[in-house]
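Note that the coordinates shown come from a computational prediction; the quantities given were computed from them, not determined experimentally.
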Amino acid sequence: MGFEKKIKIHQDKKEETMKRLSVDVSNFPTMIEDDYLYIDKTQIIHHLITKRRLYFLSRPRRFGKSLLISTLAEIFLGNKKLFKDLWIGKSNYAWPEHPVVKLDFSSLSSATSKEFNTDLVWSLEQIAGRNSFTIHQAPSLTTKLSLLVERLAQKNKVVILIDEYDAPLLHNLDNLKKATSMQKIMKTFFSTLKSLEAQGYIRAIFITGVTKFSKTSLFSGFNNLNDMTLEPEAAILLGYTKEELLENFDEYAKIFAKNNNITKQETFDTIQSFYNGYRFSRDESTVFNPFSVLNAFDKNNITNYWLNTGTPGFLIELLKKQYDNIQKLEQYEVDESFLSTFEIGEVPIIPILFQAGYLTIDTYNEIAKTYTLKFPNGEVRDAFEKYILAALANSNARDITQLISQFKQALEKNDIEDFCAMFKSMLAGIPSYLHINEEAYYHSLFHIIVNLLGFKGESEVVTNKGRIDIVLDTKLRIFIFEFKLNSTAKNALNQIMKREYYEKYLRCEKPITLIGLAFNVKSKKLTFDWIQKDLNK
């Protein structure tokens, strides 16, 4: 047998002994019993469940909330054997057995409040059935919940685990009447839980979601509900730290590096720039998006996995309504109360972007008690900019991806006519009520496209005679863009020529193309024109 073939067989056997990657699994028993890779978070979990009893945690989608709920369920059920190789399994935790009521609100119908109520009632009845008793005789949702908990508490105090509590609300944010109806059902449900907790039936309550709606409107009475969302003790509870990545994914990184003809270090560096950067507290610890990391190593490819899971409908609608509030997102400064809660009828875009994972903490001002925000990483910036264009152009993120490819091809061929024609067509797809009669609005739209192209692009480039609106440096050519509002493309080009914006690029070994762009908005109608001049060498 040849030496190279022996090496290949050895590598194949090594891959066979590696733990499976949980790209499609969020059930803790399945992960352990079927030998999936599990990043041990049980020391943090142990600290939480032995410190307090009532918790709320908000984290972005695809961040491991369901796995956390599943893990908590097995701990409280006393299934010590599943944890024998993990931190908590080796600790002095006593493993008391508690009945567990585990609910996933994202799996319940949210088409109408009646269907939501029916599904929730059915879920409670199923839990009762699995515990060999019935609650059919109870006449309502709240009485069924009370009877369920009271009967289960005959064994031991009950643990309540609720995953994605806000899913029914988020699915209906564009319909205030329907969302309010859902909210009333949930408020009554949580009020009943509070009463049961006060009566001593409950050992712990753990609620997760993407967003945090105001306590006064939903978690009424839960004054002692500990919101961990911005607390340092939960900063690395979900997601992977850099240390966890290096310790647990070394073999996967070697395979990735080999398949992509790069080094292992380059693999980790690329993974970090595209998927790291989430910071959830004043503590400076950051974490990677676990869903994207797992998919990258599983498929040996860096791409936008977060985007491919689908565009959240509620976000698209908010972007349409509040686009004028997001033109300068990064370094946005807020206090904790602004990030934490909001009402259903008044959903400001900045806190929803933070809670949904499109923005994260950059710095914390200890004196002012304020946070500045930023995009976490390349994956999120890419996804967010595509969502913006999709929202404004009444399209979807996949169509925007194709459009960006066409933009790129036009520039690579120096076909400014085709490039601007496509931009004009995109502008025509934006409803008139979304157009803002400000140059910065069109500048920001254009800059989003530039960012997505993947070329080196800069805005507001300073020269000794003024500021260039946008410079785009491609492999074969440099493009200089100047914008004018309610003027002419010729005036824009004349400004480039008069102020010699091109002068600082004359030493480059590339031809230069100058483009003047003009946007004219009259009576809510937009016209767009352009003109170009090539400086050939």
Side-chain angles (χ1 to χ4, degrees), residues 49 52-57 66 69-70 72-78 96-169 178-209 212-227 344:
I49 65 177
R52 292 184 181 177
R53 300 182 304 108
L54 309 179
Y55 285 106
F56 172 83
L57 178 65
S66 297
I69 290 295
S70 179
L72 285 166
E74 299 307 318
I75 291 174
F76 283 119
L77 287 169
E97 295 183 27
H98 293 273
V100 172
V101 174
K102 182 161 74 79
L103 298 167
D104 179 1
F105 276 23
S106 69
S107 68
L108 307 180
S109 172
S110 57
T112 66
S113 57
K114 183 178 180 180
E115 288 184 21
F116 172 63
N117 188 85
T118 300
D119 275 13
L120 190 49
V121 164
W122 173 256
S123 298
L124 298 179
E125 290 176 342
Q126 291 296 103
I127 294 170
R130 289 194 293 271
N131 285 273
S132 303
F133 64 88
T134 180
I135 55 173
H136 292 304
Q137 66 272 32
S140 66
L141 170 64
T142 55
T143 53
K144 287 178 187 294
L145 175 61
S146 295
L147 182 57
L148 173 66
V149 171
E150 289 167 11
R151 286 291 304 274
L152 289 174
Q154 293 175 10
K155 301 176 183 178
N156 200 352
K157 288 189 176 183
V158 181
V159 172
I160 310 291
L161 304 174
I162 300 176
D163 194 18
E164 304 288 3
Y165 90 96
D166 53 345
L169 302 177
K178 190 184 291 187
T180 302
S181 297
M182 301 280 183
Q183 183 189 40
K184 288 179 180 178
I185 295 171
M186 294 167 68
K187 184 176 181 180
T188 303
F189 181 88
F190 287 120
S191 294
T192 304
L193 281 183
K194 172 59 181 174
S195 175
L196 291 165
E197 188 273 330
Q199 295 174 63
Y201 291 114
I202 291 178
R203 159 64 178 88
I205 297 176
F206 207 109
I207 303 169
T208 78
K212 178 68 183 295
F213 290 99
S214 173
K215 287 183 181 179
T216 59
S217 64
L218 190 55
F219 298 121
S220 180
F222 264 116
N223 296 323
N224 55 343
L225 186 67
N226 181 38
D227 183 359
I344 284 181

S.K.: So, the side chain of Arg203 versus the backbone of Asn156: is there a donor-acceptor pair under 3.5 Å, distance only?
M.R.: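 The answer is no, because no donor-acceptor pair under 3.5 Å joins these two groups.
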S.K.: Got a second to check how far Asp227's CG is from Lys212's NZ, nearest 0.5 Å?
M.R.: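 One gets 3.5 Å once the value is rounded to the nearest 0.5 Å.
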S.K.: Of all the heavy-atom pairs spanning Ser123 and Leu108, show the shortest one and how long it is.
M.R.: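 What the structure gives for the nearest pair is OG-CD2, 3.5 Å.
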S.K.: Could you tell me which non-hydrogen atom of Ala138 sits nearest to which non-hydrogen atom of Leu147, and how far apart they are?
M.R.: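 So the minimum-distance heavy-atom pair works out to CB-CD2, 4.3 Å.
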S.K.: Rounded at 0.5 Å granularity, tell me how far CZ in Phe190 sits from OH in Tyr165.
M.R.: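 One gets 7.5 Å once the value is rounded to the nearest 0.5 Å.
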S.K.: Checking the side chain of Gln199 only, and the main-chain atoms of Ser195 only, is there a donor and an acceptor separated by less than 3.5 Å?
M.R.: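 Yes, because the side chain of Gln199 sits within donor-acceptor range (under 3.5 Å) of the backbone of Ser195.
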S.K.: Just by distance, no angles: are the side chains of Asp119 and Ser109 close enough, under 3.5 Å, to form a donor-acceptor pair?
M.R.: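 The criterion, which ignores hydrogens and geometry beyond distance, is not satisfied for Ser109 and Asp119.
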S.K.: Any side-chain heavy atom of Leu141 sitting closer than 4.5 Å to one from Thr188?
M.R.: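 They are not in side-chain contact.
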S.K.: Kindly give the heavy-atom pair with the smallest separation between Glu164 and Phe105, and that separation in Å.
M.R.: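 Smallest interatomic distance, heavy atoms only, reads O-CB, 3.2 Å.
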S.K.: Which heavy atom of Ala73 sits nearest to which heavy atom of Val100, and what is that distance?
M.R.: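 Closest heavy-atom pair between Ala73 and Val100: O-CG2, 4.0 Å.
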S.K.: Quick check: do Ile162 and Leu193 have side-chain heavy atoms less than 4.5 Å from each other?
M.R.: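 Yes, side chains in contact.
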S.K.: Nearest 0.5 angstrom please: Lys184 NZ to Lys187 NZ, how far?
M.R.: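 Answer rounded to 0.5 Å: 9.5 Å.
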S.K.: Identify the heavy atoms of Leu120 and Phe189 that sit nearest to each other, and give their distance.
M.R.: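 For Leu120 versus Phe189, the nearest heavy atoms are CD2-CD1, 3.8 Å.
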S.K.: Would a 4.5 Å heavy-atom cut-off, applied to side chains only, mark Asp166 and Met186 as touching?
M.R.: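 No, their side chains stay 4.5 Å or more apart.
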S.K.: If I take atom CG from residue Leu103 and atom CG from residue Asp163, how far apart are they, to the nearest 0.5 angstrom?
M.R.: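 Between Leu103 CG and Asp163 CG, I get 10.0 Å after rounding to 0.5 Å.
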S.K.: Please tell me if the side chains of Leu57 and Phe206 come closer than 4.5 Å, counting only heavy atoms from C-beta onward.
M.R.: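 Side chain of Leu57 against side chain of Phe206, heavy atoms only: contact under 4.5 Å found.
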S.K.: Below 4.5 Å, heavy atoms only, C-beta onward: do Phe133 and Leu152 meet side chain to side chain?
M.R.: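 They are in contact (side-chain heavy atoms under 4.5 Å apart), so the answer is yes.
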S.K.: Measuring from atom CG of Asn131 to atom CZ of Arg151, what distance do you get when rounded to the nearest 0.5 angstrom?
M.R.: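 So the gap between those two atoms works out to 9.5 Å.
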S.K.: Looking only at atom types and distance, does a side-chain atom of Lys102 sit under 3.5 Å from a main-chain N or O of Leu161, one as donor and one as acceptor?
M.R.: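 Side chain of Lys102 to backbone of Leu161, a donor-acceptor pair under 3.5 Å: no, none is there.
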S.K.: Say you draw a straight line from CD of Gln126 to CD1 of Ile135; how long is it, rounded to the nearest 0.5 Å?
M.R.: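 Separation between the atoms: 10.0 Å.
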S.K.: Are any of the side-chain heavy atoms of Leu196 and Val158 separated by less than 4.5 Å?
M.R.: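 A side-chain contact is absent here, since even the closest heavy-atom pair is not under 4.5 Å.
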S.K.: Looking only at heavy atoms, which two atoms of Pro99 and Lys155 are closest? And how far apart?
M.R.: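 Here Pro99 and Lys155 meet closest at CG-CB, 4.1 Å.
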S.K.: Does the side chain of Glu74 pick up a donor-acceptor pair with the side chain of Ser70 at under 3.5 Å?
M.R.: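 No - no donor-acceptor pair under 3.5 Å links their side chains.
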S.K.: Are any of the side-chain heavy atoms of Leu54 and Leu225 separated by less than 4.5 Å?
M.R.: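 Heavy-atom side-chain distance check passes, below 4.5 Å.
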